[in-house]
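Every number for a ligand or one of its atoms is a count from 1 in the order of the listing.
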Amino acid sequence: MPTDSFWEKLKKPLIGLAPMDGVTDGAMREITDKYGHPDVIFTEFVPVAAIKKGIVKVLYSLRHHQTKTPRVAQFFGTDPAAFYQAVFVAAELGYDGVDINMGCPDRGVTKRGGGAGLILNPAPAKQIIQSCKQAAKDWGEGKLASRVGLSESILNFIRVFKVNTQQVAVAEGFPTARTKKHWREGERLTESVVRHIIPISVKTRIGYDKPITEQWIGQLLEAGPAAITLHGRTLKQLYHGRADWNEIALAAKLCKKTRTLLIGNGDIKSVSYAKDKAKQYGVDGVLIGRAALGNPWVFAGKTPTTQERFQVMVEHCRRFLAYRPDLKIFPMRKHLTWYCKGFAGAAEMRDKLMKADSLASIKHIILQYAP
Ligand SMILES: Cc1cc2nc3c(=O)[nH]c(=O)nc-3n(C[C@H](O)[C@H](O)[C@H](O)COP(=O)(O)O)c2cc1C
């Protein structure tokens, strides 16, 4: 069984969309993929404990579009057995990789020992990586998702997603590189994804209250993740101060002695800046987070015209409603305000969009500012 690591195949330095909770949902990933073409895209983080409990709605943000861009599902939690199940879910949904969040500074996550809380506990952190790697291997070798204790509701979500996306793939004539031609409806779990061992990666920070980069990354490397993304801040810093790229360089040096890739992250505003940093600090790639808010073009190194900006705002709303027909348009308000920059009347338009409550009202506001 080949270890089919897309990480190794990507041209370096790779430049990807960072995971952002409440932001990098299916619609944002699809729009960023279409207008920016990043090398890899991450989901928002998903709690493995909820998957274990059978809570289906946490999987809504894992719905994704057909694309050749590698997609990584990110999970957080503390229970290696729950991570094992989550890897099966991601693999069944067709994700190209699974990432373990060891960097979230949110009190609600760290107080249970998850996210950046794992930096203080390398032993469980390594156990989680090992459990995910085992799951990826077991799934790749043919173990059925219906045999790993997932609830019927989660299995049903997977079935429905596969049936729906296969129909989309066929309707769009999408080359079924990842999907077998002999897809058969009606099997217990429709066998539509070609099995291979998906790579397991980690995203973390340089320390808890002070940088302990070499010690912490050294521990992670013992478990052999395919890649580590390192945000150059400690948990205590949250998003304050500057990301410390010298610490990231220390980690890159350690990783060079292994097969693990090191991806740097923090304060990167453009592709050219990302390439400079990669060269200067010896990393294999860079993830861009906040600079991609309302700016899918950042990955293409392009500034859109105001007309393009408006067209993509409406398209993003439409895609959001297609992914989440169960929701109203409100979660799109923040995205819309992020798009509102670089044209006359942008601040005024932002204020109006913050009150918009439907796609029709958003279109109406945008039309008032059309060039
Ligand atoms: C709104 C928001 C949500 C985030 N959610 C996640 C998350 O779910 N998982 C994660 O690993 N990092 C998360 N992050 C951290 C980013 O992935 C990234 O590490 C951080 O923003 C620094 O990169 P940047 O300077 O390019 O934004 C989040 C950041 C922001 C701003």
Side-chain angles (χ1 to χ4, degrees), residues 13-26 28-29 32 36 38-48 50 58-62 71-77 83 86 90 97-110 114-119 125 128 132 200-207 220 225 227-245 247-248 251 262-278 281 283 285-296 298-299 331-335 337-338:
L14 63 92
I15 298 173
L17 172 67
M20 285 182 281
D21 182 39
V23 178
T24 55
D25 58 6
M28 156 84 165
R29 297 194 303 271
T32 307
D39 295 317
V40 53
I41 43 185
F42 280 67
T43 67
E44 9 180 18
F45 66 6
V46 173
V48 291
V58 298
L59 298 183
Y60 290 177
S61 68
L62 294 187
R71 299 159 294 193
V72 180
Q74 196 194 55
F75 296 105
F76 74 96
F83 270 97
V98 162
D99 191 74
I100 306 163
N101 180 298
M102 300 192 188
C104 176
D106 189 284
R107 202 55 206 112
V109 174
T110 56
L118 285 162
I119 298 173
I128 290 171
C132 287
I200 305 300
S201 56
V202 171
K203 182 165 175 289
T204 188
R205 291 179 176 242
I206 55 177
L220 290 177
I228 298 173
T229 300
L230 191 59
H231 176 189
R233 290 186 176 87
T234 61
L235 168 140
K236 203 172 156 196
Q237 281 180 286
L238 302 172
Y239 295 93
H240 305 306
R242 282 233 189 106
D244 188 337
W245 278 78
E247 291 292 327
I248 293 174
L262 196 284
I263 318 292
N265 168 244
D267 305 337
I268 301 299
K269 305 262 184 297
S270 69
V271 165
S272 60
Y273 190 36
K275 285 183 179 162
D276 288 349
K277 286 277 194 213
Y281 295 96
V283 296
V286 169
L287 292 191
I288 296 181
R290 288 165 296 176
L293 301 179
N295 189 11
V298 69
F299 295 97
M332 273 307 297
R333 283 177 174 168
K334 58 181 183 293
H335 289 278
T337 61
W338 292 327

Gln74 and side chain to side chain donor-acceptor pair (under 3.5 Å): which single residue from Asp99, Thr24, Thr43, Thr229 fits?
Asp99
Using a strict threshold of under 4.0 Å (side-chain N to carboxylate O), is an ion pair present between Asp267 and Arg233?
yes
For Ala18, atoms of ligand 1 separated by under 4.0 Å from a heavy atom
17 (O)
Tyr239 side chain near His231 side chain, heavy-atom distance below 4.5 Å:
yes
Close N or O approach (Leu287, ligand 1; < 3.5 Å):
no
Atom pair CE/CZ of Met102 and Arg205 - distance to nearest 0.5 Å:
14.5 Å
Work out whether the distance between some heavy atom of Phe76 and some atom of ligand 1 is less than 4.0 Å.
no
Atoms of ligand 1, numbered as shown, that sit under 4.0 Å from any heavy atom of Asn101
9 (N), 10 (C), 11 (O)
Is the ring pair Phe75/Phe83 parallel, tilted or perpendicular, if the boundaries are 30 and 60 degrees?
perpendicular
Between Val23 and ligand 1, is there a nitrogen or oxygen pair with a distance under 3.5 Å?
no
What protein heavy atom sits nearest atom 11 (O) of ligand 1, and how far off is it?
Gln74 NE2, 2.9 Å
What part of Phe42, side chain, backbone, both or neither, has a heavy atom within less than 4.0 angstrom of ligand 1?
neither
Counting from 1, what ligand 1 atoms have a heavy atom of Arg290 closer than 4.0 Å?
21 (O), 24 (P), 25 (O), 26 (O), 27 (O), 31 (C)
Atom 29 (C) of ligand 1: which protein heavy atom is closest, and how many Å away?
Tyr239 OH, 3.2 Å
For residues Ala251 and Leu230, report the shortest heavy-atom separation together with the two atoms involved.
CB-CD2, 3.5 Å
Under 4.0 Å between heavy atoms, the region of Asp21 that gets near ligand 1 turns out to be both
Which protein non-hydrogen atom lies closest to atom 26 (O) of ligand 1, naming both residue and atom, and how far is it?
Gly289 N, 2.8 Å
Measure the distance from atom 23 (O) of ligand 1 to every protein heavy atom, then report the residue, atom name and distance (to 0.1 Å) of the closest one.
Asn265 ND2, 3.0 Å
Can you check side chain to side chain contact (heavy atoms under 4.5 Å, CB included) on Cys104 and Phe45, steps first, answer last?
CA-CA 9 Å; Cys104 176; Phe45 66 6; 3.5 Å; yes
With a 6.0 Å cut-off (strictly less than), is the heavy-atom count around NZ of Lys334, excluding the residue itself, greater than 12?
yes
Can you tell me how far the CG atom of Leu17 sits from the CZ atom of Arg71, to the nearest 0.5 Å?
14.0 Å
Does ligand 1 have a heavy atom under 4.0 Å from the side chain of Met20, from its backbone, from both, or from neither?
both
What protein heavy atom lies closest to atom 6 (C) of ligand 1? Include the residue and the distance to one decimal.
Pro19 O, 3.2 Å
Rounded to the nearest 0.5 Å, how far apart are OG of Ser270 and CG of Asp276?
7.5 Å
What atoms of ligand 1 come closer than 4.0 angstrom to any heavy atom of Phe45?
8 (O)
Quick check on Gly266 - does any of its heavy atoms sit under 4.0 Å from an atom of ligand 1?
yes
Sub-4.0 Å atoms of ligand 1 with respect to non-hydrogen atoms of Lys203
10 (C), 11 (O), 12 (N), 15 (C), 16 (C), 17 (O), 18 (C), 19 (O)
Interatomic distance, CG@Leu118 vs CG@Leu235, rounded to 0.5 Å, equals 11.5 Å
